[in-house]
Amino acid sequence: TDKIVVRLRDGSILEQALQVPMGHADRPPTSEALWVKFLDCVGDAMPPSDARKMFDQLQHIDQVVSVADLPIAAA
């Protein structure tokens, strides 16, 4: 179990217990959450259009014929 605790400026506290945190096998992240994280990781290395193409290909890695088909291979 994880717990999120936020203390507000007025001193009040908000708490939320999470039995299964995001990213756990029982609560996998959404495709959108993965995309945001992926773009954050590669954003300095490639343009967003190439990053999106690579992300989409990696989401279907079983269909990629060759690593040379990934955008990074062309760089």
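Numbers here simply count residues along the sequence, with the first being 1.
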*Are the side chains of Gln59 and Trp35 in touch, meaning some heavy atoms are under 4.5 Å apart?*
no
*asked:* Using side-chain heavy atoms (C-beta onward) and a distance below 4.5 Å, is Ser31 in contact with Phe55?
replied: yes
*asked:* Same cluster or not: Leu14 versus Val5, using hydrophobic residues (I, L, V, M, F, W, Y) connected whenever any side-chain heavy atoms lie under 4.5 Å apart?
replied: no
*In terms of hydrophobic clusters joined by side-chain contacts under 4.5 Å, are Val42 and Ile61 together?*
yes
_Residues in side-chain contact (heavy atoms from CB on, under 4.5 Å) contact with Pro28, at least two apart in sequence or another chain_ = none
*Is there a path from Leu58 to Leu34 through hydrophobic residues (I, L, V, M, F, W, Y) whose side chains come within less than 4.5 Å of each other?*
yes
*Search all heavy atoms of Gly23 against all heavy atoms of Pro29 and return the closest pair with its distance.*
CA-CD, 3.8 Å
_Quick check: closest heavy atoms across Leu39 and Pro48, and the distance to 0.1 Å?_
CD1-CA, 4.3 Å
*Can you list every salt bridge (Lys or Arg N to Asp or Glu O under 4.0 Å) pair that touches residues 15-38, not counting sequence neighbours?*
Lys3-Glu15
*Rounded to the nearest 0.5 Å, what's the gap from NE2 on His60 to CG on Asp62? Could you check?*
8.5 Å
